[in-house]
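What follows is a set of notes on a single structure, which appears directly below.
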Amino acid sequence: MASAVFEGTSLVNMYVRGCWVNGVRRLIISRRGDEEEFYEIRTEWSDRNILYLHRSYSDLGRLFKRLLDSFPEDRPELSRSPLLQGLITIKEAHDIEARLNEVEKLLKTIINMPWKYSRSEVVLTFFERSPLDQVLKNDNVHKIQPSFQSPVKISEIMRSNGFCLANTETIVIDHSIPNGKEKHLDVDSAEHL
């Protein structure tokens, strides 16, 4: 049940104090080029440890299903909880900023549920670091297998202080192209002839 992330600390004593959705990454998830959005989530644990995680809409749906399966006696109550409506709202949101806000709202709802749920193994393991999180944390995107990730196809939208920052341009530095200083010298030389 414990993972390397917690370095021997039992999950029983751990819980997620806060979480924020910082942005979204679109990653290739199949050889056919299918893409899926992965939300970048900043989590603060009870020991003040900060983890950055990446979870998809499918992951959120699986979390809800696992909660239902883990607490069959509470299935009617969980089905009426804001979790199901949150999943529907996320799915229907067409604006990226609205979707990010709804994912954050859903996650905060989950970690603020009664301890029975919010500190359950199902919820705590959802917030553990996955192999994908480790790869993306180290920015080793090029090390991901081509069937899973194409570095060319990543589009990122990151949020900072409530603003949405879209990666809208790419800067390429080509050292074989002469810089502006050399160009001005050539123009000046030609003018003096």
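Side-chain atoms are counted along with the backbone in the values below, which use heavy atoms only and exclude waters and symmetry mates.
Using a 4.5 Å cut-off on side-chain heavy atoms (C-beta onward), S120 and L67 make contact. Contact check for F38 versus D133: no side-chain heavy atoms found under the 4.5 Å cut-off. Side chains of S70 and E121 form no contact here, defined as non-hydrogen atoms less than 4.5 Å apart.
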Please step through side chain to side chain contact (heavy atoms under 4.5 Å, CB included) for the pair D74 and K116, ending with a clear verdict.
CA-CA 11 Å; D74 298 336; K116 175 181 181 178; 2.5 Å; yes
L51 vs W45, side chain to side chain contact (heavy atoms under 4.5 Å, CB included): CA-CA, chis, key distance, verdict
CA-CA 8 Å; L51 293 179; W45 285 79; 3.4 Å; yes
For side chain to side chain contact (heavy atoms under 4.5 Å, CB included), just list the numbers for W20 and E44, CA-CA rounded to whole Å, side-chain angles, deciding distance to a tenth of an Å, and then say yes or no.
CA-CA 9 Å; W20 303 266; E44 180 183 351; 4.0 Å; yes
Full working for side chain to side chain contact (heavy atoms under 4.5 Å, CB included) between R119 and V123
CA-CA 6 Å; R119 296 187 185 187; V123 170; over 6 Å; no
If you look only at distance, which donor and acceptor atoms sit under 3.5 Å apart when one is on a side chain in residues 77-88 and the other is two or more places apart or in another chain?
| residue | atom | partner | partner atom | Å |
| --- | --- | --- | --- | --- |
| S79 | OG | R75 | O | 2.9 |
| R80 | NH1 | P76 | O | 3.4 |
| S81 | OG | L78 | O | 2.6 |
| S81 | OG | L83 | N | 3.4 |
| Q85 | NE2 | T89 | OG1 | 3.3 |

For residues 106-115, which side-chain donor-acceptor pairs fall under 3.5 Å, sequence neighbours excluded?
| residue | atom | partner | partner atom | Å |
| --- | --- | --- | --- | --- |
| K108 | NZ | C19 | O | 3.4 |
| T109 | OG1 | K105 | O | 2.9 |
| N112 | ND2 | K108 | O | 2.8 |

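If you check the side chains of N22 and Y52, you find no donor sitting under 3.5 Å from an acceptor.
Taking all atoms of both residues into account, the shortest heavy-atom contact from I90 to E102 is CG1-CB, 3.6 Å. Of all heavy-atom pairs spanning V21 and E104, the tightest one is N-OE1, 2.9 Å. Contact between Y39 and Y57 at its shortest, heavy atoms only, is CE1-N, 4.0 Å. Of all the heavy atoms in S46 and M14, the pair that sits closest is OG-CA, 3.5 Å. Across all their heavy atoms, E37 and V24 have their closest contact at CB-CG2, 3.6 Å.
Rounding to the nearest 0.5 angstrom, the gap separating the CD atom in E35 from the CG atom in L27 is 8.5 Å. Taken to the nearest 0.5 Å, the CZ atom of R17 stands 9.5 Å off from the CG atom of D47. With rounding to the nearest 0.5 angstrom, the CD atom of E40 is 11.5 Å from the CZ atom of R55.
In summary, R62 and D59 engage in a salt bridge, as defined by a charged side-chain N under 4.0 Å from a carboxylate O.
Counting heavy atoms of neighbouring residues, nucleotides and ligands inside a 6.0 Å radius, atom CZ of R66 does not exceed 12 of them.
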